[in-house]
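Everything below concerns the one structure shown next.
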Amino acid sequence: MSPYFTDLAQQYIDGEWRPGSGSWDIIDFNPYDDEKLASITIATVDEVDQAYRAAARAQKEWAATNPYARRAVFEKALRLVEEREEEISEAIVAELGGTRLKAAFELHLAKEFLREAVHLALRPEGRIVPSPVDGKENRVYRVPVGVVGVISPFNFPFLLSLKSVAPALALGNGVVLKPHQNTPIVGGSLVAKIFEDAGLPGGLLNVVITDIAEIGDAFLEHPVPKVISFTGSDQVGRHVATVCASLFKRSVLELGGNSALVVLDDADLDYAVDAAVFSRYVHQGQVCMAANRVLVDRSVADAFTEKFVAKVKSLKAGDPRDPGTVIGPVINSQQADALAGVVEQALAEGATALVRGARTDNLVEPSVLTGLPADSALLRQEVFGPVVFLVPFDGEEEAVRIVNDTPYGLSGAVHTGDVERGVNFAKRIDTGMFHVNDGTVHDEPIVPFGGEKHSGIGRLNGDTMLDAFTTVKWISVQHGRSGFPF
C-alpha cells in the first residue's frame with residue numbers, strides 16, 4: 001500500500017498535521033477489492049473555523065509577497081508532482097479505482113494546470129481609467145478576494161482540487177479545501193503535502209476531511225471565505241449557490257452534465273465510434289463531460305451501431321491495477337446500485353439492451369441501450385457510469401432539438417465531414433463547451449471551462465480564474481481641488 005494512506009490520514013490545519021477531534025472516523029476503502037486504506041477522524045465545526053482563521057491570517061502577508069516569489073512555489077510543486085508521479089498514480093488506482101490509463105490522463109492534466117498557475121501569479125494587472133472630472137485619476141486595482149473555500153469531487157480529485165487550489169493561491173488568496181469523503185487522500189491530504197514540500201507558508205492552505213453529517217453548512221456559512229468553488233452534482237450545487245447567495249458570497253459551480261455526441265450523415269464512422277466509446281467509458285463514465293447519449297443520423301445508424309457495439313464488447317473490465325484494464329470499479333456500492341436501477345428502468349420502459357454488462361460488487365461492466373422512449377426522463381438526466389443510450393434521429397433539426405432537451409448544458413461533440421457544418425451545429429447547442437470531430441471530454445488550462453443551465457455558474461481556467469478568485473477595486477486620486485455644490 002502507498003505510504004500516503006498511512007502518513008497523510010490526518011487533517012492539515014495551520015501548517016500542522018493532526019487528527020480531527022470528531023467522534024467518528026471516515027474509512028477510506030479501495031472500491032475494487034474493499035481493502036481498508038485509511039481511517040481518518042473527522043474534522044469538527046471548530047476545526048473548520050480554525051482552518052479558515054489560519055488561512056485569513058496567512059493570506060495578508062502572502063498577498064503582499066512579490067508575485068515572482070509566489071511563482072517559485074508553483075514551479076517547485078510542479079517538479080514534485082513530476083518526481084512523485086508513480087506514487088501518485090498508485091494512489092489514484094487504489095483510492096478511486098482509476099485505471100492506469102485514467103491515472104496518467106489525470107496526472108497529465110494536473111501538471112498542465114500547475115504550469116498555468118506558475119504564469120497566473122503574474123497575470124493580475126491594474127488599469128488607469130479616464131474620468132470626466134478634470135484632474136481626477138482613476139486607478140482600478142485587481143486584488144485577491146481573501147480566502148477561498150474549495151469542495152472537490154471523487155472522480156478526478158487530484159486534478160479538480162488543484163484546478164481551484166493552485167490558481168486561488170497563485171493569485172494571492174488563502175484556501176481551505178474539503179475533499180470528497182471517498183477520496184480524502186488523493187483529493188485532499190496529498191495536495192497539501194505537495195504544497196507543504198514546495199515551500200508554501202503554513203496556514204495558507206488547509207485541508208479539512210469531514211462530512212456534512214458532522215459540520216452541516218459550516219464550511220459554506222463561515223464568515224471568512226468570500227468565494228466557494230464547488231465541483232459536484234447539480235442538486236448539491238443548487239444548495240451551495242443558495243447558501244452563498246444568502247450570505248453575499250460568490251460561488252463558482254462546476255456541476256453535472258448530460259452531454260451528447262452527435263454523428264451526422266457525413267461522419268467518418270470508425271473515428272466517430274472511437275470518440276464515442278472514449279467519451280462514454282473513460283473512468284467508467286464517471287466524468288461530468290461524458291457522453292450519456294450518442295445520437296446517430298438514421299441513415300448511418302445501423303453501420304455505426306454495429307461498430308460501436310463491437311468496440312464496447314472489446315473493453316476489458318476488471319482490476320484497475322492491470323495495465324490492460326479499461327473499465328475499473330465505480331466509486332462505491334451506492335453508485336453501482338444506482339446504475340443497476342437505471343438499466344432496469346430503461347428496460348422496463350421498453351429499451352433494448354444491445355450490451356448488458358454484468359455487475360460484481362462495484363465493478364459495473366458497460367451497457368449499451370437503444371429504443372428508449374423519447375419522453376423518458378432517463379434521456380434528460382445525468383447517468384454517472386458506464387451506461388449509454390443510442391438515439392437515432394432524422395436530420396439536423398431533430399438532432400439539435402434532442403441534444404438541447406435536457407436541463408444540463410456542459411459539453412458535447414458533433415462528427416461530420418464538413419467542419420463548418422459542425423461549427424454551425426455547435427452554435428445551436430445550449431452548452432458552455434462543444435467540440436467538432438472529437439470527444440466530449442476535454443479540459444485545457446487556458447480555455448474557459450464551465451457550463452450553462454444546471455451545469456454550473458461561472459468559468460475556470462486561464463483569464464477566467466481572475467474573475468473567479470480576484471476582485472477589482474477603484475481608487476481615485478484628485479489632483480487639484482474638487483468643487484462641491486455646498
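Excluded from the calculations below are hydrogen atoms, water molecules and symmetry mates; all remaining heavy atoms, backbone and side chain alike, are included. Here the structure is a predicted model, which is why all the values come from computation and not from measurement.
- Thr65 and Arg70 share no side-chain donor-acceptor pair at under 3.5 Å.
- Taking the charged nitrogens against the carboxylate oxygens, Glu90 and Arg100 do have a contact shorter than 4.0 Å, which makes a salt bridge.
- Remark: the Ser161 side chain and the Ser152 side chain contain an N/O donor-acceptor pair separated by less than 3.5 Å.
- Remark: the Asn182 side chain and the Asn332 side chain contain an N/O donor-acceptor pair separated by less than 3.5 Å.
- Checked options Ile13, Asn206, Val208; the residue passing with Gln50 is Ile13 (criterion: side-chain contact (heavy atoms from CB on, under 4.5 Å)).
- Ring geometry for Phe156 against Phe105 counts as perpendicular: the plane angle is over 60°, on a 0 to 90° scale with 30° as the lower cut.
- In this structure, Asp268 contributes its side chain and Tyr271 its backbone to a donor-acceptor pair below 3.5 Å.
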- Candidate pair Thr41 and Asp25, rule side chain to side chain donor-acceptor pair (under 3.5 Å), full reasoning: CA-CA 4 Å; Thr41 303; Asp25 293 352; 2.8 Å; yes
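- Between the side chains of Glu86 and Ser89, not a single donor N or O lies within less than 3.5 Å of an accepting N or O.
- Taking Glu16 as the reference, nothing meets the salt bridge (Lys or Arg N to Asp or Glu O under 4.0 Å) condition, with sequence neighbours excluded.
- Between Phe449 and His442, the gap from one ring centroid to the other reaches at least 6.0 Å.
- Across every non-hydrogen atom of Asn292 and Gln381, the tightest pair is ND2-O, 3.5 Å.
- The stretch residues 170-208 participates, sequence neighbours left out, in these ring pair (Phe, Tyr, Trp, His ring centres under 6.0 Å) pairs: Phe74-Phe195, Phe154-His180.
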- Task: Quick one: do Arg380 and Thr406 satisfy side chain to side chain donor-acceptor pair (under 3.5 Å)? Show the steps, please.
- Result: CA-CA 5 Å; Arg380 291 163 183 81; Thr406 176; over 6 Å; no
